[in-house]
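The chains referred to below are lettered A, B, ... by the order of the sequence lines, with proteins before strands, and numbering in each begins at 1. Note that the structure is a prediction, hence the values are computed from the model and not measured.
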Amino acid sequence: MTNLEISKILKNVASAYSIQDEKKYRFQIIAYDKAAESIEHSPTELRELYKDGKLSGIPGVGPTIQGRLEELLSTGKVAHFEEVLSSVPASVFPLLDVPSFGPKKAFRLVSEFDLQDPATVIADVVKIAKEGKIATLPGFGEKSQADILRAIEEYGRGKTKTARMVLPYAMELARKMIAYLEESPAVIRASTLGSLRRRRETVGDIDIAVATNDPKAVLDHFTAYPHKERIIERGERTSSIIVSSGKQIDLMVESPKGFGALLQHFTGSKAHNVHLREYALSKGLSLSDYGIRKRDTDDPYTLYETEESFYAVLGLQWVPPEMRENTGEIELALKNTLPTLLEIKDMKGDFHLHSSYPIEPSHDMGLNSMDEMIARALELGYTYLGFSEHNPSISKHTQKQVFDILSKRKDFIDKLNVKYKNTIRVFSLLETDILPNGSLAIEDDALQLLDGSIVSVHSAFDMDSDAMTQRVLKGLSHPKAKILAHPTGRLLNQRPAYELHWDQIFDYCLKHNKALEINAAPQRLDLPDIIVREAIKKGIKLFIDTDSHAINQMDLMEYGVSVARRGWATPNDILNALPYNELKDWFEK
DNA sequence: GCCGTTTTCGGCCCGACTGTTTTCAGTCG
């Protein structure tokens, strides 16, 4: 049972409670929702924690829920949950996955029309809506009936509450929108918000804030966006539209004087904000997106132009958005001991670059020459870089031929180092496959030609965690194998990660001077941020690389830096933020 | 049902928007 499945069960329990008696169970509902949220975002699978007897310590899980989780994980069911859940028709729960459906609406429809079959309930609702029956219910009308039909239709097309886009794609949409908004003279400042500003690896909706003294003009301009498909809502302060790609963009406007509080509120995360507000309440203050005031009063809010001043009133350091996940950052900010996170300007090179050098590779080749990639690296301000084409295909060559190709390539790179002597240093690397049996695709004499090798898994992804861990450790055991690239193998929204025993990988890297890669390719963003954080805690060193196959992809470094920042990385944790000499020493160690 | 930031008892984040309403309920973030 996965964290997502467990979280879903707890959410259903909360929903069942709120259908039963929202007042009576008010705080149980909050507690179950909180626990569900916390488990959904837990870095470790609960079944692993349970196996290791470490189930306590999840925020929002106290003795009662912990006991029930243990029951769930050992027997597959919980008597108490079944009792609560059976108090409402099972057909309520599938409807809760549909946007705009909450427990009340779902229960109302299910009971009014006696829809008992969970397997058909969504289709049943469509049917009665099309027959015009929902509009006749007290509290419903033509409009809400139409909204229900549209919500279900969009749900069917995959716009579920959980469909998310990868970060670089979302950022591109957002930048286009911000550029459009800035065409309006009423826009003083625009910023991303929400998970996009926190730079989560995937983003649901795009949220944007605008500082303005003329909200109406900004909202008019926003809703007139040429690429919109339709307007979802339009108020005096916020508006939401769907753009032609089917994605939702939300806009919030505020006066410049109150912009700090708005940014803070809508950047989230929810867990960070709830924690911050609870803390503020204990200090006698009430926080909102408008500002701060004494609790239990109707005083006007004190406005904050910047987030820094907002946090400062609470006695906190400004918290970088990437850290706002309620995983200890508030405690550190209170003590003024937040780490100084890595920034893009700290990056001094890129080590996972596929050029078009004729290496006759096992996988795809790059589009640009080494010279072109070097030129781009210079523009990016790098002082070194490493080429790491895929190893020459071993099915099409003998190992002697592989050696000859790499030998020629070494000479070529040596000449580049002479040519660019005073501008940039070039490392001769390779991306070598770790074969299913754990050996490397090319032999020792060829590996000796390199400054070092990136190693990675590109085949047989479906091994179990024991076998995959052994495979990777064996691959890393060659002295020239220095960096494990895209360590989990996941492709966002496409392919899950293979399972590794991270504690073993971490121990090995630490002991044998190996590094893990944060691969910045949009579909990868691999290592995942939560594993980056674990690795850094252990003292593992990391590379951030773009895995570029063309020079325009070299700009993706910012997304790798985002992942690192979400893992609380400082410049000291990242090897390709080091000066050249230190990095060279590391390769030779 | 959880939690300790003034508390091991007595609190529990806050507001916008929509649709159907003459004052609110439901959902969302």
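Contact annotation for A/Ser286: backbone-only contact, meaning every heavy-atom pair under 4.0 Å involves sugar-phosphate atoms and none involves a base. Within the nucleic acid shown, A/Tyr32 comes within 4.0 Å of sugar-phosphate atoms alone, with no base atom in reach, counting heavy atoms only. A/Leu287 comes within 4.0 angstrom of the backbone, heavy atoms only, and of no base.
Remark: A/Arg293, A/Arg295, A/Tyr301 in residues 292-301 of chain A come within less than 4.0 Å of DNA chain B through at least one heavy atom.
For the C1' atoms, the distance linking B/dG11 with B/dT5 amounts to 13 Å, nearest Å. For the C1' atoms, the distance from B/dT8 to B/dG15 is 32 Å, rounded to whole Å. Comparing B/dG26 with B/dT20, their P atoms sit 14 Å apart, to the nearest whole Å. Comparing B/dG29 with B/dT23, their C1' atoms are spaced 24 Å from each other, to the whole Å. The gap from the P atom of B/dG10 to that of B/dA16 amounts to 33 Å, rounded to the nearest Å. With both ends at atom C1', the span from B/dC2 to B/dC13 equals 15 Å, rounded to whole Å.
The minimum heavy-atom distance between A/Arg198 and A/Arg566, with the atom names listed, is O-NH1, 3.0 Å.
As rounded to whole Å, 12 Å separates atom P of B/dC28 from atom CG of A/Asp33. We find that NZ of A/Lys11 is positioned 11 Å from P of B/dC28, with the value rounded to whole Å. Distance A/Glu37 CD to B/dC13 C1': 13 Å, rounded to the nearest Å. Atom CD1 in A/Ile30 sits about 13 Å away from atom P in B/dC3, given to the nearest Å. Rounded to whole Å, atom C1' of B/dG29 lies 10 Å from atom CG of A/Asn273. Nucleotide B/dC13 holds its P atom 9 Å from the CZ atom of A/Arg277, rounded to whole Å. One interatomic measurement links the two molecules: CG of A/Asp207 to P of B/dG29, which rounds to 9 Å at whole-angstrom precision. Going from atom CG of A/Asn326 over to atom C1' of B/dT5 covers 12 Å, rounded to whole Å.
Annotated as syn: B/dT7, whose glycosidic dihedral is within 90° of 0.
Taking the six-membered ring for Trp and thresholds of 30 and 60 degrees, A/Tyr32 and A/Tyr17 have ring planes inclined between 30 and 60 degrees apart. The aromatic rings of A/His227 and A/Tyr225 lie perpendicular to each other, with more than 60° between the two planes, well past the 30° mark. Classified by interplanar angle (parallel below 30°, tilted 30° to 60°, perpendicular above 60°), the ring pair A/His221/A/Tyr180 is parallel.
Judged as a side chain to side chain contact (heavy atoms under 4.5 Å, CB included), and not counting sequence neighbours, the contacts of A/Lys283 are A/Tyr279. Here A/Ala333 pairs with A/Leu316, A/Gln317, A/Val319, A/Leu338 under the side chain to side chain contact (heavy atoms under 4.5 Å, CB included) rule; sequence neighbours left out.
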Next item on the list: Evaluate the salt bridge (charged side-chain N to carboxylate O under 4.0 Å, His left out) criterion for residues A/Lys34 and A/Glu37: first the C-alpha distance (whole Å), next the side-chain angles of each, then the deciding distance (0.1 Å), finally the verdict.
Entry: CA-CA 5 Å; A/Lys34 253 189 183 170; A/Glu37 196 95 348; over 6 Å; no
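Judged as a salt bridge (charged side-chain N to carboxylate O under 4.0 Å, His left out), the pairs with a partner in residues 8-25 of chain A (not counting sequence neighbours) are, in order, A/Lys8-A/Asp97, A/Lys11-A/Glu40, A/Glu22-A/Lys104. The ring-ring contact (aromatic ring centres under 6.0 Å, His included) pairs that include a residue from residues 196-215 of chain A number zero, where partners must be two or more places apart or lie in different chains.
Side chain of A/Asp526 to main chain of A/Thr488: a donor-acceptor pair is present (N/O by atom type, distance under 3.5 Å, no hydrogens or angles).
Looking at the side chain of A/Phe27, the nearest of the listed nucleotides B/dC14, B/dT5, B/dC12 is B/dC12. For A/Asp205, counting side-chain heavy atoms from C-beta on, the closest listed nucleotide (B/dG29, B/dC14, B/dC2) is B/dG29. Set against B/dT5, B/dC2, B/dC12, the side chain of A/Thr64 has B/dC2 as its closest nucleotide.
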Notebook entry, point to check: What string of B, S and - do you get for nucleotides 16-26 of chain B 5' to 3' if you count protein non-hydrogen atoms under 4.0 Å?
Noted result: SSSSSS----S
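Across all strands shown, B/dT8 remains unpaired; no Watson-Crick or G-U wobble contact has both distances below 3.5 Å.
Ranked by how close their nearest DNA chain B nucleotide is to the 5' end, A/Glu331 and A/Val274 are led by A/Glu331.
Residues A/Glu329 and A/Glu322 fail the side-chain proximity criterion, which asks for heavy atoms closer than 4.5 Å.
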